[in-house]
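Just so we're on the same page: letters track the sequence lines, and every chain starts at 1.
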2 protein chains.
Amino acid sequence: MPAFRMNAKAILQSHIAKTTSLSDDEFDYFFSHFKPQSYKKGQTIIFPGDAVEYEYFVLDGCLKSFYQTDQGKMFILQFAMPTWWASDYEALYNGTRATTHVDCITASEVLCLSSADREKLCREVHAIEFFFRWRTNRGYVAAQKRLLSFMHHDARQRYEEVLRLYPQLYNVVPKQLIAAYLGVSRETLSRLYQP
Amino acid sequence: MPAFRMNAKAILQSHIAKTTSLSDDEFDYFFSHFKPQSYKKGQTIIFPGDAVEYEYFVLDGCLKSFYQTDQGKMFILQFAMPTWWASDYEALYNGTRATTHVDCITASEVLCLSSADREKLCREVHAIEFFFRWRTNRGYVAAQKRLLSFMHHDARQRYEEVLRLYPQLYNVVPKQLIAAYLGVSRETLSRLYQP
DNA sequence: CACCGATAGTGATGTAGGTCACACGATCGC
DNA sequence: GCGATCGTGTGACCTACATCACTATCGGTG
């Protein structure tokens, strides 16, 4: 059994413990609602049009969530490296159909938590509700900063910012996906790092 | 005493009630932590560099939060119309200094809630923590959608999207501020609606 | 009432980045 | 071991938008 499977519980626990105090019993209860899952490289977890039931906590590998136009152009909303979370949150929170894809950049191991279980856990354990509030607060602030970055930085500055914020991505993620995250063409990105 | 002052409590209560069930006693307790405040047109509520203690629930008027470059270029992160919330959330959540401004587009009436009181209320009343989690979830999803809009729509499409999403803004907010929200120059915006 | 600041329209010109086309090396499946 | 596919670089050209400069209008205030 691979390391991340054996350690799934420890990985999630130390992730939670950074912000939230749960007793061992509370954490055991929390953890019992997660379902481990393996995906192959390139496998799609959420398709547009799907009913979205789960969010995914990444143990190993790397996911991306993205929107795709009719012409096949891809815009990446988020990468998800180990200890990050991913889903189509608009669909998950509103109970609507997915408008984005979530798929695997590399083979990945995740823990799945259903929206129903998340809400149940939040109702039952106040500290868990705190954790999810805190987590979204972080995501919200990060999204605002990325918006600002779109508004007042050019492609090169945004590229350098991404490398600075997420150096792990550089070795794992093909450049054309970085370009799709930055909102520029791969050709433009390729021209940024030479002159 | 103006209407929004008399009705402040009712406005906040009906805002909360859309998502969260609070007993009258719980709501009274919640409301007792808010401090009413009036601002004049053009007045600044948060300056960059400030320690940020409060977030603001708008009863009447219109606020904007924005980042300003050294050369004076302005990028608007958010407008806040009645029943919307505003602050420098990065500073508020992290306890760091403000990097953005918050000021009044028109004379405004707000209710101020300190971060310390928010956290206290969230600890004491589970339903209040639910409310704030829910609120940030919405904000997060909205920010993601705006990010996508930046990536795959041009200026005209973003303009039409804003008018569709926030028709109230059209009558209240000068076009150059809409431009600063869209991330285009006021000249470009002006050229969009004629050819 | 006359002036001023804020807001908005418009022309001329520059440029970052998109698009299309093609070439090249690295991987991967058979 | 070989062809197909993927990721990447690069050249030629085009377009959406920025910038600067000027003008016009309007609401408020001495």
* **Pairs touching residues 89-100 of chain A that satisfy salt bridge (charged side-chain N to carboxylate O under 4.0 Å, His left out), sequence neighbours left out** =>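 Pairs touching residues 89-100 of chain A that pass the test: E90(A)-K145(B).
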
Kindly say if [X] contacts the phosphate of [N], meaning a side-chain N or O under 4.0 Å from OP1 or OP2.
| X | N | result |
| --- | --- | --- |
| K73(B) | dA18(D) | no |
| T188(B) | dC17(D) | no |
| K41(A) | dC28(C) | no |
| S190(A) | dG9(D) | yes |

* Can you check whether any acceptor in the base of dG18(C) is under 3.5 Å from a donor in the side chain of R186(A), or vice versa? =>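 No, no donor-acceptor pair under 3.5 Å.
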
* Does any donor-acceptor pair link the side chain of E187(B) with the base of dC17(D) at a separation under 3.5 Å? ->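 Check fails, no donor-acceptor contact within cut-off.
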
Interatomic distance, [X] [atom1] vs [N] [atom2] [rounded to whole Å]:
| X | N | atom1 | atom2 | answer |
| --- | --- | --- | --- | --- |
| R158(A) | dA16(C) | CZ | P | 14 Å |
| D154(A) | dC17(D) | CG | C1' | 14 Å |
| M74(B) | dA6(C) | CE | P | 12 Å |
| H153(B) | dC17(D) | NE2 | P | 12 Å |
| R191(A) | dT10(D) | CZ | C1' | 6 Å |
| Y159(A) | dT8(D) | OH | C1' | 12 Å |
| M151(B) | dG18(C) | CE | P | 13 Å |
| Y193(A) | dG9(D) | OH | C1' | 8 Å |

* So is R158(A) actually on top of F150(A)'s ring, under 6.0 Å and inside 45° of the axis? ->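 Here R158(A) passes the 6.0 Å and 45° test against F150(A).
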
* **Lys NZ or Arg CZ of R135(A) over Y140(B) ring: under 6.0 Å, within 45°** =>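 Not satisfied by the 6.0 Å and 45° rule.
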
* Asked: Taking DNA chain C as the partner, which of residues 167-184 of chain B come within under 4.0 angstrom of it by heavy atom?
  ->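 P174(B), K175(B), Q176(B), in order of number.
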
* Asked: More than 12 non-hydrogen atoms from neighbouring residues, nucleotides or ligands closer than 6.0 Å to NZ on K120(B), yes or no?
  ->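 Yes.
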
* To do: Before giving the answer on ring-ring contact (aromatic ring centres under 6.0 Å, His included), spell out for Y193(B) and Y159(B) the whole-Å C-alpha distance, their side-chain angles and the decisive distance to 0.1 Å.
  => CA-CA 10 Å; Y193(B) 37 75; Y159(B) 180 57; 5.8 Å; yes

* Do H15(B) and W84(B) get their side chains close enough for a donor-acceptor pair, meaning under 3.5 Å? ->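 Result is no, nothing qualifies.
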
* SB check R133(B) E119(A) (cutoff 4.0 Å) ->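 Result for this pair is yes, salt bridge flagged.
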
